[in-house]
Amino acid sequence: MRLSQLPWTTLKETPAEAEVISHQLLLRAGLIRRLTSGIFTWLPLGLRVLRRVEQVVREEMDRAGALEVLMPAVQPAELWQETGRWDRYGDLLLRIRDRQERDYCFGPTHEEIITDLARRELRSYRQLPVNYYQIQTKFRDEIRPRFGLMRAREFIMKDAYSFHMDQASLEVTYQAMAQAYARIFTRLGLRFRTVEADSGEIGGSRSQEFHVLADSGEDAIAFCDADRFAANVEAAPALPPPGARPAPGAPLQAVATPQMRSIEEVSAFLKVPATRCLKLLLVEGSDGGIVALALRGDHVLNTVKAGRLAQVAKPLTLASPERVLALTGAPTGFIGPVGLRIAVIADHAAAALADFVAGGNREGFHQTGVNWGRDAAEPATADLRNVVAGDPSPGGGGPLAIARGIEVGHIFQLGDKYSQAMKAVVLDQDGQERVMTMGCYGIGVSRIVAAAIEQNHDEDGIVWPAPMSPFDVVLLVLNPKNSEAVTATAEAIYLELRQAGMEVLLDDRDARPGVKFAEADLLGVPHRLVLGERSLKDAAIEYRHRRSGAEEKVALGDVLEFLQQRLAGAAPG
RNA sequence: CGGGGUGUAGCUCAGCUUGGUAGAGCGCUUGCUUCGGGAGCAAGAGGUCGCAGGUUCGAAUCCUGUCACCCCGACCA
C-alpha cells in the first residue's frame, strides 16, 4: 500500500476522550474513530489489523473442525422469550421494533439463534458432534462503555457453539477448543494465561477464560507457577487457614469509637491491625430477612461466592442502611456479632479469628477481645472472600500470585440449559429423542486488538506483535522528490518484496523525514526500511527493528533475503 | 441509575467571574526557504460558541430547559 494514496491522519496530541493507552494509540495512529459512545469505525489501517486477527482465529477454528456460519445480528424476541432471557437479560439487551411493531433485539450473543438452527437442521445422533462458529458484530448496551475497544458496546466477536449426544463428547470438543484457543493466542504473539472461571450468567458448569496479561487489565487472576493453578480471582477458592483457632485470651470490652465506621478508621484508632478486625456485611436473605456475612478486616467479599449461598437472596443485595438500623439498633459501621439476632455466615479466615475487634451494635462503639463461641454464637462458615497474593494455592504448590489480565476468550460447557428450553433434540441409536448437550466458546476479536496494544507499546507508539501488524514491513523513502534514483530504487524494492508475498507499506509521501519516522513508530510495524540518498550512495538500505530498536545496513541486493529471515524468525515482533 | 465534569475551528484548549459581536497552538491550503526524528517565515481557508427558549439595546459569557460526551460509584458495616 502506498501512503501517498491514503488519507491517513495521525494525531500528535492525545484526544481528551481516551483514557487507556490502547484507546489513545488507536486514535493517534489513525486506526479507529469514535462514532458515538462505545461505537467505532475501523479505518483502513486499523481494519487490516482486525482482519489479521480474524484470519488467525478462522484458521485455527477450521483446523479444530469447527464450521463457519454467519447468523443474523437482528434476532426476533420470540426466541429470547423461549429461553426466558428476553426478560432476564435486562438493559444490556438492545431492543428494537420493526414497522409491524414486532420486537427484536440486536444480538449480544447467539445461543438462542444457534439452538434454533440446530433443532431445525440436526435430526440424528449420526450428525453429532458438530461445532458451528461465526465472526460477527455483537451489541451489548453496557452500563458504561469505556476504555475504547476494550469495553465497547458494539464489538466483533468469534462465537462458537457445539452440540453433542453426551457429556463425554462435549469434553472432547471443549478440550479441542481450549487447545485451539491456546494456539490462537500463541500465534498472535500475545502473552496470555488460561484460567479457571466462573460461568456467570450464561450458565453451565466447567468454564475457562483466556487472559492477555497487562497491568491495565480489568480482571485479577490468581496463579501459582509451581502447581500450574490459575483462576480468575472471582473463581479462585480461598482455603481455610491451617491449624486450630487460638483459645480466647482477652476479655470482651466495649470501647468508644466515635465516627469510626470503616475498618481503616477503627484499625488506626485502636492501633489494631485490620487482620484482627471483623467486618460484617448485611445482605438480603432468601427468606426475606437479613443475613450477616463476616470477613476478616483486610479481606474483600467475593460477590460470586456469596451470591451462591442458599441463604442469600439473588441477586446479592446489600441491606439498606435504614433496614440495618431497624434490625440491629445500630447504624452501618458499628455492627458486630455479639448479641446480634441475625444468622451469621463467616468466611473461614474470619471464623478463625480470636480476640478480635468488631462493631458494638451501638452507634459510636466497637468491642475488643471478641471471641466466637464465648461471646457470639459459632457462625456457619463458607468461602466468601477473594484470594490475595500469598494465600496458599489450591493446587498445593505454594503461595498464589496475583496478576492483571484482559479477558479475550472464554469457553463454557453449557450442558442442556438452552437445548432443553428450546427442545433441541435428535434421535439416538434406539430411535429415542435426546436433548443435545452444548458447549460455547467466545473470543473478543476487536478486544484482542486493544489488548495487544496494552501489552505491546512504548513511548513512541504501538509495537505490534508481527502476526497482527497491519503490514510486515514499512519502507520509508526519504525526500523522494530530490532523487529519481532513490525513488526508482524504492519502487524496485517495494515490488520485489511484494512479489515475495510480503505486506509492505510504502511511505512515498512528499513529507519531511522526521514526520515519516515518527509516524512509522506510532503505527508500530515491526520491520522498517529507510532509503535515502545517504544510504543509496553505499548501495545499501537501512533496517530497524521496531521493538528492539536494533539497526543494520543491508546491501540492496540482499534486502529480500534479509527480511525473509527476519520474518521467518520465531520472535513475534 | 446516582454523583461530578465538559461541550468554543479537524485536534488540544483559552475567552465566561465583570455581557459589547471570537482567539492561540497543532493540523489543513498556497508561496518561499528548509529537508535523516512530528521544520521556519509569510499569506489564507475554516466556527449557527452542542441545541432550544428566556433576560437584555446587545449573550460564547447571565437564567431555564434539553441533548451529547467524559470521569467516579454496587467493598459501607
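Each chain gets a letter, A, B and so on, in the order the sequences are listed, and its residues count up from 1.
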Participant: Quick one: which of C71(B), A77(B), G36(B) gets closest to the side chain of Ser535(A)?
Facilitator: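 For the Ser535(A) side chain, the nearest candidate turns out to be G36(B).
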
Participant: Counting distance alone, no hydrogens or angles: does the base of G40(B) have a donor or acceptor under 3.5 Å from a partner atom on the side chain of Arg512(A)?
Facilitator: no

Participant: Quickly work out the Asp510(A) CG to G36(B) P distance and round it to whole Å.
Facilitator: 14 Å

Participant: If we take the P atom in both G5(B) and G10(B), what is their distance in whole Å?
Facilitator: 27 Å

Participant: Answer yes or no: side-chain N or O of Arg528(A) and base N or O of G37(B) forming a donor-acceptor pair under 3.5 Å.
Facilitator: yes

Participant: Calculate the interatomic distance between Glu13(A) atom CD and A9(B) atom P; express it in whole Å.
Facilitator: 14 Å

Participant: What integer distance in Å separates Glu542(A):CD from G36(B):C1'?
Facilitator: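 Glu542(A) atom CD is separated from G36(B) atom C1' by 8 Å.
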
Participant: Does Glu533(A) contact G36(B) through a side-chain donor or acceptor facing the base, at a distance under 3.5 Å?
Facilitator: no

Participant: Taking any heavy-atom pair under 4.0 Å as a contact, classify Thr9(A): base, sugar-phosphate, or nothing.
Facilitator: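 No contact.
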
Participant: To the nearest Å, how far apart are Glu459(A) CD and G37(B) C1'?
Facilitator: 13 Å

Participant: Starting from C1' on G38(B), measure out to CG on Leu476(A) and report it in whole angstrom.
Facilitator: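 Nearest whole value for this atom pair: 13 Å.
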
Participant: Using Watson-Crick or G-U wobble geometry with both distances below 3.5 Å, tell me the partner of G31(B), or none.
Facilitator: C41(B)

Participant: Using whole Å, report how far CG of Leu384(A) lies from C1' of A77(B).
Facilitator: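 Value for this atom pair: 15 Å.
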
